Amino acid sequence: MERADQPQIDGWGAIVAVWILAVALGAWVVLAHYSGVDVPTYGTHDWFGVFGALGACFGGLVVIALVVQLATKRAAGYVARVSVTVAGSAIVLAICAAALTPLLAR
């Protein structure tokens with residue numbers, strides 16, 4: 001049962017779509033680094049190149065989250081939906097960064 005004072009989060013399809021995109025982009029950066037291919041964003045295999053690529057992915061995901069939630073045309077709960085979308089994307093990319101840290105520590 002919904003309480004009136006709790007914000008309702010609708011639009012889970014758009015939220016999950018951005019999370020799936022975050023998984024795809026994060027996996028692309030991780031796999032590209034482990035395979036030895038230069039990440040096209042910065043072209044280096046040092047901390048700046050890898051985490052810069054993840055940062056660029058996160059920046060793009062924030063913009064995509066804003067646009068996708070605007071496209072749902074639901075004014076109620078916009079901030080809550082965008083917050084959940086961006087937080088989920090940040091968690092996914094943080095896991096990707098943690099997967100890369102042992103390789104970069106060498």
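Here the structure is a predicted model, which means the values were calculated and not measured.
- Under the 4.5 Å side-chain heavy-atom criterion for ILVMFWY residues, no single connected hydrophobic cluster contains both I64 and V92.
- Note on V63 and V23: separate hydrophobic clusters, where clusters join Ile, Leu, Val, Met, Phe, Trp and Tyr whose side-chain heavy atoms are under 4.5 Å apart, directly or indirectly.
- Among residues two or more places apart in sequence or in another chain, the side chain to side chain contact (heavy atoms under 4.5 Å, CB included) test is passed with L25 by L21, C57, L61.
- Here the closest non-hydrogen pair linking T85 and A65 is CG2-CB, 3.5 Å.
- Between V18 and S89, the shortest heavy-atom distance links the atoms CG1-OG, 3.7 Å.
- In this structure V30 satisfies the side chain to side chain contact (heavy atoms under 4.5 Å, CB included) test together with Y34, C96, L100, sequence neighbours excluded.
- Residues passing the side-chain hydrogen bond (donor to acceptor under 3.5 Å, both in side chains) test with T72, sequence neighbours excluded: R81.
- A14 and V68 get closest at one heavy-atom pair: CB-CG1, 3.2 Å.
- Not counting sequence neighbours, the partners of V82 by the side chain to side chain contact (heavy atoms under 4.5 Å, CB included) test are L66, Q69, Y78, V86.
- Among residues two or more places apart in sequence or in another chain, the side chain to side chain contact (heavy atoms under 4.5 Å, CB included) test is passed with V16 by W19, I20.
- The cluster map of Ile, Leu, Val, Met, Phe, Trp and Tyr, joined by side-chain heavy atoms under 4.5 Å apart, puts V62 and F51 in the same cluster.
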